[in-house]
Amino acid sequence: MIASVIVDVPAKQTDRSFDYKIPESLNDVIKPGMRVVVPFGPRKIQGFVVSIKPQSDFKKLKEIIEPMDLYPVLTDELLELGDWLTDKTLAYKISAFQVMLPAALKAKYEKKLRIMPSVTPESLAAPLQAIFKNNDTYSWDEASNQGLLSILQKEANRGKIEVVYEVKERIKKKTIKYLLPKVTKEELINLMNEMPANASKQKEVLNFFIDHPKQIESRELLSVLGISSATVKSLVKKNILLEKSLEVYRDPYEDRKFDTTKPLPLSEDQEKAIRPILTTIEEKLQKVFLLYGVTGSGKTEIYLQSIQQVIEKGREAIVLVPEISLTPQMVKRFKGRFGNKVAVLHSGLSLGEKYDEWRKIQRKEVSVVVGARSAIFAPFENLGIIIIDEEHETSYKQEDNPRYHARDVAVQRSIFHRCPVVLGSATPSLESFARAKKGVYELLTLPKRMNNHALPSVQIIDMREELREGNRSMFSRSLLEGIKARLEKKEQIVLFLNKRGHSSFVMCRDCGYVINCPNCDISLTYHRANQQMKCHYCGYESFVPKQCPECSSEHIRYFGTGTQKVEEELGKILPEARVIRMDVDTTSRKGSHERLLDDFQAGKADILLGTQMIAKGLDFPNITLVGVLSADTMLHLPDFRSSEKTFQLLTQVSGRAGRHELEGEVIIQTYTPEHYSIELAGEQNFDRFFDREMMMRKLHHYPPFYYITLITISHENVMKVVSVTENIAKYVGTRVSKDAIILGPVASPIPRINNRYRYQCLIKYKREPDLSRILKSLLDHYQQEMASSGLQISIDLNPYILM
DNA sequence: AGCACGCCGACT
DNA sequence: GTCGGCGTGCTC
């Protein structure tokens with residue numbers, strides 16, 4: 001039989017299947033969806049079997065070397081989904097497969113030099129003798145570093161050395177070694193008595209097993225008896241003890257207990273919202289629901305009870321949660337309800353932990369997966385529901401190849417499995433809400449908070465006014481009063497700082513000169529930890545200069561209203577307030593995120609000060625004031641979604657206040673109070689915001705009225721970039737319909753990264769069935785230049801970041 | 001992406 | 001005459 005294989009070479013020319021003969025011995029072993037090792041040119045590489053057929057058009061077939069899996073890692077559905085994904089994103093097939101699997105399954109390659117078996121080290125050139133004296137292989141990279149390649153090549157030509165390629169697994173399955181007696185208790189006693197007197201340690205071991213005949217983890221035995229593994233080894237050799245390895249999962253939540261929860265009684269609104277979902281599950285229909293419920297309206301309980309129903313039907317559930325809110329709190333809610341039927345996938349896990357969670361899914365040992373974006377590819381075969389929480393979050397769009405949106409994948413998979421997709425949000429994306437209004441999605445609404453708690457009152461403070469009245473601090477008078485009042489009443493405060501847009505850069509106070517990266521047109525970010533400035537795009541690092549390079553002033557210092565600065569300021573004005581700061585610096589260590597939140601919940605602090613990461617999911621009864629220090633930092637980004645993002649963020653943050661008995665208050669500080677996204681966030685009026693923003697989008701030909709596609713071209717030479725971009729704009733322009741609008745060529749918002757100049761071209765269109773084909777031929781046309789002269793063309797159909 | 005093959009310049 | 005530069009084209 002013949003296997004069609006997609007090889008692990010991400011390039012235009014190899015983006016197709018290659019046929020291999022399946023060796024006789026592997027005839028019923030090799031299945032579609034398996035990883036295999038195949039010869040490719042002179043090398044050995046990994047590949048995915050996509051299909052098996054009786055014959056091939058190709059004559060000189062090579063054989064598959066070996067399978068890498070016992071069972072396929074990709075189901076038929078996922079293989080098919082790979083085709084769909086490559087079609088939608090113009091990515092390589094191999095990248096599509098790779099993105100669907102845990103990184104642990106990606107092959108690692110090694111290139112080595114090996115001395116031929118019949119050759120003795122002494123017969124090699126002098127510098128090589130020592131190397132091959134004790135080893136028969138030597139790493140290629142090492143040889144290259146030592147400058148030994150040319151000698152080795154000569155030996156290779158004489159047939160004394162050969163080049164070997166190896167394909168290796170990235171990680172091993174974790175095993176634990178156990179020991180148990182191989183003989184009966186009586187025999188153990190006999191054996192012990194027969195042992196020579198000097199074998200005291202071995203006697204101890206036997207004695208132990210006489211009292212404890214069950215198997216024990218060998219590590220534990222060694223530490224209990226204080227013996228070395230040599231003692232055990234000899235007993236194993238004598239066939240008295242048996243050593244066995246058991247495969248175990250690396251369980252990131254191993255030592256945690258989750259209190260079990262029972263389904264809560266639903267409110268009338270919840271009841272009304274869940275009914276259509278349950279019916280859809282019951283009738284095995286494919287349908288997309290938009291669950292639009294204000295913050296604190298009980299969306300999670302709807303998710304939980306829908307999943308309950310799915311599990312009872314013997315089917316499986318995928319729950320997507322934005323990375324940032326995939327906190328232990330969130331995990332607790334699912335593990336609490338469904339116990340060990342839940343797998344969790346997020347970026348905080350190690351490679352091995354992710355792999356193990358994935359294997360639980362593959363082996364159907366769990367029926368629910370809670371995870372970030374990539375969990376949408378969980379290899380379930382009987383999906384009953386897909387839930388995407390915080391549906392509007394932009395992190396569901398992957399920003400490198402394949403540039404997929406988890407929402408689109410969810411819909412595609414739901415069609416295959418005939419199951420509902422539930423998109424939940426308090427501030428739905430414009431795209432989804434528009435679709436719900438058109439009837440493409442079914443809209444479910446939860447208009448009220450649980451137990452009828454009122455939404456917090458929101459006050460918008462004009463910081464220009466504050467400045468005019470002589471208040472130069474970062475806290476308005478109202479906010480300061482509010483904080484003081486809460487401190488007195490022993491209630492808690494959340495202060496939110498939106499750092500995006502202007503993170504901590506270094507600027508000269510005299511001339512305004514900002515220190516930029518020498519390779520990229522972007523300011524360097526100050527890192528307090530090592531007192532250095534770093535470029536987030538190319539990794540360039542340097543120390544803060546003592547003097548301004550422009551005007552030689554010494555008043556050069558680190559700028560930007562960072563959380564540390566706010567913390568300092570708070571310490572000056574309100575020294576009695578206890579503050580917990582949460583940002584990348586304080587939460588980088590594993591588990592620190594959770595610890596800080598626990599401390600805050602336990603009342604060990606009055607104020608929680610943080611960035612993005614505290615905008616979601618916090619649900620503490622004692623928070624009665626939320627302050628947003630500057631609402632408009634992200635409003636001025638060059639992005640047509642900036643208003644939408646601002647509105648969503650403000651609404652989310654506001655939702656942190658007054659979720660329980662105590663009433664909440666929100667204070668938003670801004671320099672542009674008249675902007676509709678801020679004004680309407682203040683009113684918590686999504687519907688008016690929606691209408692208003694839709695008008696803007698229509699006016700400027702943006703989604704959801706138009707589709708957009710972004711082409712970014714980069715090269716070391718500016719002239720080259722400009723001319724290629726011009727040609728591309730022209731090429732596309734003559735091929736699309738006249739309703740399409742082409743913007744560009746223009747320089748990208750970040751015009752240079754890592755010394756490569758970047759230009760872009762944006763296509764807006766309503767209906768271009770041929771666009772995909774046009775773009776593919778475009779890539780074909782530039783294929784050689786992209787391979788040889790370092791030209792890069794990236795295409796994003798439906799981009800979320802326009803930079 | 002690698003890697004081999006192949007065709008031109010500066011060296012013992 | 002040969003070592004080595006990197007353009008070109010192939011990999012079942």
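Computed from a prediction, not measured in an experiment: that's the story for all the values here. Here is the naming used below: chain letters follow the sequence lines, and residue numbers restart at 1 for every chain. When reading the values below, keep in mind they use all heavy atoms of this one structure, side chains included, and skip hydrogens, waters and symmetry mates.
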*Let me know which of A/Leu779, A/Ile713, A/Leu710 forms a side chain to side chain contact (heavy atoms under 4.5 Å, CB included) with A/Ile795.*
A/Leu779
*Report yes or no: is the cationic atom of A/Lys764 (NZ for Lys, CZ for Arg) closer than 6.0 Å to the six-membered ring centre of A/Tyr702, at no more than 45° off its axis?*
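Yes, a cation-pi geometry holds between A/Lys764 and A/Tyr702.
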_Geometric cation-pi criterion, A/Arg641 with A/Tyr800: 6.0 Å, 45°_ =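 The answer is yes; both the distance and angle limits are met.
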*Quick one: how far along DNA chain C does chain A reach, first to last nucleotide 5' to 3', anything under 4.0 Å to a heavy atom?*
C/dC10 to C/dC12
*So what does A/Lys59 touch, heavy atoms closer than 4.0 Å: a base, only the sugar-phosphate, or nothing?*
nothing
*Mind checking whether A/Tyr731 and A/Tyr782 have ring centres under 6.0 Å apart?*
no
*Using the benzene-type ring in the case of Trp, are the ring centres of A/Tyr765 and A/Tyr706 under 6.0 Å apart?*
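Between A/Tyr765 and A/Tyr706, the centre distance exceeds or equals 6.0 Å.
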*Assess the side chains of A/Ser347 and A/Glu323: does a donor N or O sit below 3.5 Å from an acceptor N or O?*
yes
*To the nearest 0.5 Å, tell me how far A/Leu349 CG sits from A/Asp356 CG.*
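Spacing of CG (A/Leu349) from CG (A/Asp356) equals 10.0 Å.
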_One character per nucleotide, please: for nucleotides 1-12 of chain B, 5' to 3', B when the base has a protein heavy atom closer than 4.0 Å, S when only the sugar-phosphate does, - otherwise._
BSS---------
_Closest non-hydrogen atom pair between A/Tyr109 and A/Ile45, with its separation_ =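 The answer is CE2-CA, 3.6 Å.
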